[in-house]
A.B. asks: 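Once you've had a glance at the structure underneath, I'll fire off some questions.
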Amino acid sequence: MTSASTTSTPAPVPASSRAASSPVHSHALGVDIGGSGIKAAPVDLAAGEFAADRVRIDTPQPATPAAVAPVVAKALSSLPSLAGLAEDAPVGITFPAVIQHGIARSAANVDPSWIGTDAETLFSDTLGRPVLVVNDADAAGYAEIEFGAGKGVHGVVLVTTLGTGIGSALFVDGRLVPNTELGHLEIDGHDAEKKAADSARDRHDLSWSQWAKRLQRYYSHVENLLWPDLIVVGGGVSKKHEKFLPLLDLRTPIVPAQLRNDAGIIGAASLAARVAAERA
Ligand code: BGC
């Protein structure tokens, strides 16, 4: 694990060894940067839940690094102060792109000016405190592994998020393999997320069964490549899982995420606390 640096991508993290290094902090702050909203909440790290209501501010457009950073600062400063929240509570921030050692490396659904941006330095400088920046699906997946549908599951667990794009987070015995980007598998000549993300369902006005056919193609391909023990399906649409998960015929058990839209904030805060504890 490369957690000695403040600008390290959360490399593989063993959920199973959590008890061995108890977190220094009981609470941390999580921020979820999305295409339409920037959301922030303090997180109770033992319970894996928000310690207070989250705040949400519209994502500025265009969502360039210079425009987004002050909005993240504003979201955090709008949070009510909490007795359990230390001044130096860790901050974890999700971002919907490859984040390698703190640097954004892709921009499928975000402003292209992010590519090559040292997001951790940008946010650390703006907030005046160290932060951890992590891919949005990796953060959401980590929360599911720690507190949700993947908790205690050994072997290979794939968490996917169905939204504007398809995010993926791969865990092996609780260890994250970061930045898997399985939404961009090429299937039948197409970038998979363009056909099977929830945004494609909206864009093409697909019925649940029409969309499920696309998901079937996607998840069959993925399970034939990875042979996971469990697939967890997150993203906002997962709250309607009964409309499409029963229509899928896969050998791998496939279940809805439990933390849903809170997962990114909870996962980012938990990962930030974990890195801070390891550095302490
Ligand atoms: C991006 C991923 C992201 C996913 C979900 C994809 O287009 O490439 O980095 O995790 O969308 O937001």
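Counting starts at 1 for both ligands and their atoms, following the listed order.
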A.B. asks: Give a yes-or-no answer on whether the side chains of Ser168 and Thr180 include a donor-acceptor pair shorter than 3.5 Å.
C.D. replies: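 A pair is found: one side chain offers a donor N or O, the other an acceptor, under 3.5 Å apart.
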A.B. asks: Write out the residue and atom name of the closest protein heavy atom to atom 2 (C) of ligand 1, then the distance separating them to 0.1 Å.
C.D. replies: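 Ranked first by proximity to atom 2 (C) of ligand 1 is Glu181 OE2, 3.2 Å.
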A.B. asks: Using a 4.0 Å cut-off to any heavy atom of His184, which atoms of ligand 1 qualify?
C.D. replies: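 Numbered from 1, ligand 1 contributes 1 (C), 6 (C), 7 (O), 8 (O).
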A.B. asks: Does any N or O atom in Asn135 lie less than 3.5 angstrom from one in ligand 1, N or O only?
C.D. replies: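 It does: an N or O of Asn135 is found under 3.5 Å from an N or O of ligand 1.
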A.B. asks: Is there a donor in the side chain of Asp111 and an acceptor in the side chain of Gln61, or the other way round, less than 3.5 Å apart?
C.D. replies: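 Distance-only check fails for Asp111 and Gln61.
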A.B. asks: Pull out every atom of ligand 1 sitting under 4.0 Å from any heavy atom of Ala108, numbered as shown with elements.
C.D. replies: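 In order of number, 7 (O), 8 (O).
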A.B. asks: Honestly, is Arg105 close enough over Trp114, meaning NZ or CZ under 6.0 Å from the six-membered ring centre and within 45° of the axis?
C.D. replies: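 No.
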A.B. asks: Taking the non-hydrogen atoms of Thr164, is any one of them nearer than 4.0 angstrom to ligand 1?
C.D. replies: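 Flag not set, Thr164 not near ligand 1.
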A.B. asks: Quick test: of every protein heavy atom, which one is nearest to atom 11 (O) of ligand 1, and how far off is it to 0.1 Å?
C.D. replies: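 The closest one turns out to be Glu193 OE1, 3.7 Å.
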A.B. asks: Could you list all the side-chain hydrogen bond (donor to acceptor under 3.5 Å, both in side chains) pairs where at least one residue sits in residues 253-265, not counting sequence neighbours?
C.D. replies: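 Listed by first then second residue: nothing to list.
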A.B. asks: Taking only heavy atoms of Pro96, which atoms of ligand 1 are found under 4.0 Å from at least one of them?
C.D. replies: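 The list of qualifying atoms is 1 (C), 9 (O), 12 (O).
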A.B. asks: Out of curiosity, is Ala97 lining ligand 1, as in a heavy atom under 4.0 Å away?
C.D. replies: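 Judged by the 4.0 Å heavy-atom criterion, Ala97 does count as contacting ligand 1.
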A.B. asks: Any idea which of Gly163, Gly35, Gly167 brings a heavy atom closest to atom 4 (C) of ligand 1?
C.D. replies: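 Considering heavy atoms of Gly163, Gly35, Gly167, the nearest to atom 4 (C) of ligand 1 sits in Gly167.
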A.B. asks: I need the nearest protein heavy-atom contact for atom 3 (C) of ligand 1: residue, atom name and distance, please.
C.D. replies: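 I find the closest protein heavy atom is Asp136 OD1, 3.3 Å.
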A.B. asks: Given side-chain contact (heavy atoms from CB on, under 4.5 Å), test Leu162 with Phe244 step by step and report yes or no.
C.D. replies: CA-CA 12 Å; Leu162 302 175; Phe244 60 95; 4.2 Å; yes
A.B. asks: In a table with atom names and distances, give each donor-acceptor pair under 3.5 Å that connects a side chain of residues 228-242 to protein atoms at least two apart or in another chain.
C.D. replies:
unit_1: Asp229; atom_1: OD2; unit_2: Val156; atom_2: N; d: 2.7
unit_1: Ser238; atom_1: OG; unit_2: Gly235; atom_2: O; d: 2.7

A.B. asks: Have a look at Thr94 and tell me which of Asn135, Asp136, Asp32 forms a side-chain hydrogen bond (donor to acceptor under 3.5 Å, both in side chains) with it.
C.D. replies: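 Of the listed options, the one satisfying the test is Asp32.
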